[in-house]
*Asks:* 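One structure is given below, represented as structure tokens, and several questions about it will come after.
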Amino acid sequence: MNSRTAYDRIYEIVQKIPRGQVATYGQIAELSNLAGKARLVGYALFRVQNADVPWQRVINAKGEISLSPLRMGTDYLQRSLLESEGIIFSDTGKIDLRKYQWRPQP
DNA sequence: CCGCTGACTCGCG
DNA sequence: ACGCGAGCCAGCG
């Protein structure tokens, strides 16, 4: 069952996000069987720093890039990566979730 | 071992 | 439409 840590599940889900699409922390939480614990997802991704995990494709429910103030300055990096994948940012720096949000195929 | 912190989200005014 | 507060769990010192 959950012999692995919740984080392992989170990483696995995040790695499933296809290129050119994004997912919200809450969405990842649900897929990781951690509904309502979006914070855990955010914190998990914060600790990761692993190239195998495309944490850049995980954004907040508002369609904006969220990251720690401590990492201030890396926001442009995430934006660049997402733009490289074909994701368009609005003038306010927001992403159209209706268009880019990842929908796991059954 | 105890307590603080942290990439979030939702509801209310 | 926007801002603020409360709730949630796990890792680190």
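Keep in mind the model is a prediction, meaning the values are calculated, not measured. So that the names make sense, note that chain A is the first sequence line, chain B the second, and so on, each numbered from 1.
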*Asks:* Minimum heavy-atom separation for A/A6 and A/L34, please, with both atom names.
*Replies:* CB-CD1, 3.6 Å

*Asks:* Here's a test for you: under side chain to side chain contact (heavy atoms under 4.5 Å, CB included), which of A/V14, A/I10, A/L40 qualifies with A/S32?
*Replies:* A/I10

*Asks:* Between which nucleotides of DNA chain B, read 5' to 3', does contact with chain A run, using atoms under 4.0 Å from its heavy atoms?
*Replies:* B/dG6 to B/dT9

*Asks:* Using a 4.0 Å heavy-atom cut-off to protein, can you give one letter per nucleotide of nucleotides 8-13 of chain C, 5' to 3': B if the base is in contact, S if only the sugar-phosphate is, - if neither?
*Replies:* BBBSS-

*Asks:* With rounding to the nearest 0.5 angstrom, report the CD1 to CG distance, A/I65 to A/L82.
*Replies:* 5.5 Å

*Asks:* Are A/V48 and A/L67 connected in a single hydrophobic cluster, I mean Ile/Leu/Val/Met/Phe/Trp/Tyr linked by side-chain heavy atoms less than 4.5 Å apart?
*Replies:* no

*Asks:* Output the residues of residues 17-29 of chain A in contact with DNA chain B, where contact means a heavy atom of the residue under 4.0 Å from an atom of the strand; sort by number or write none.
*Replies:* A/T24, A/Y25, A/G26

*Asks:* Below 3.5 Å, can you tabulate the donor-acceptor pairs from side chains in residues 99-106 of chain A to any protein atom, sequence neighbours excluded?
*Replies:*
unit_1 : atom_1 : unit_2 : atom_2 : d
A/Y100 : OH     : A/I88  : N      : 3.4
A/Q101 : NE2    : A/Q27  : OE1    : 3.2
A/Q105 : NE2    : A/R103 : O      : 3.2

*Asks:* Does A/Y11 offer a backbone N or O that forms a donor-acceptor pair with the side chain of A/D8 under 3.5 Å?
*Replies:* no

*Asks:* In the structure I gave you, are the side-chain heavy atoms of A/R39 and A/Y25 within less than 4.5 Å of one another anywhere?
*Replies:* no

*Asks:* Could you state the interatomic distance from OG (A/S90) to CD (A/E64), rounded to the nearest 0.5 Å?
*Replies:* 7.5 Å

*Asks:* If two hydrophobic side chains count as joined below 4.5 Å and joins carry through other members, does A/I13 share a cluster with A/I17?
*Replies:* yes

*Asks:* Strictly by salt bridge (charged side-chain N to carboxylate O under 4.0 Å, His left out), give each pair with a member in residues 78-93 of chain A just once, sequence neighbours left out.
*Replies:* A/R57-A/E85, A/R79-A/E83

*Asks:* At what distance, to the nearest 0.5 angstrom, does CD1 of A/I59 lie from NZ of A/K94?
*Replies:* 11.0 Å

*Asks:* Check each residue of residues 57-66 of chain A for a non-hydrogen atom within less than 4.0 Å of any atom in DNA chain B, then write out the ones that pass by number, or none.
*Replies:* A/N60, A/A61, A/S66

*Asks:* What's the shortest heavy-atom distance between A/N60 and A/L97, and which atoms?
*Replies:* O-CD1, 4.3 Å

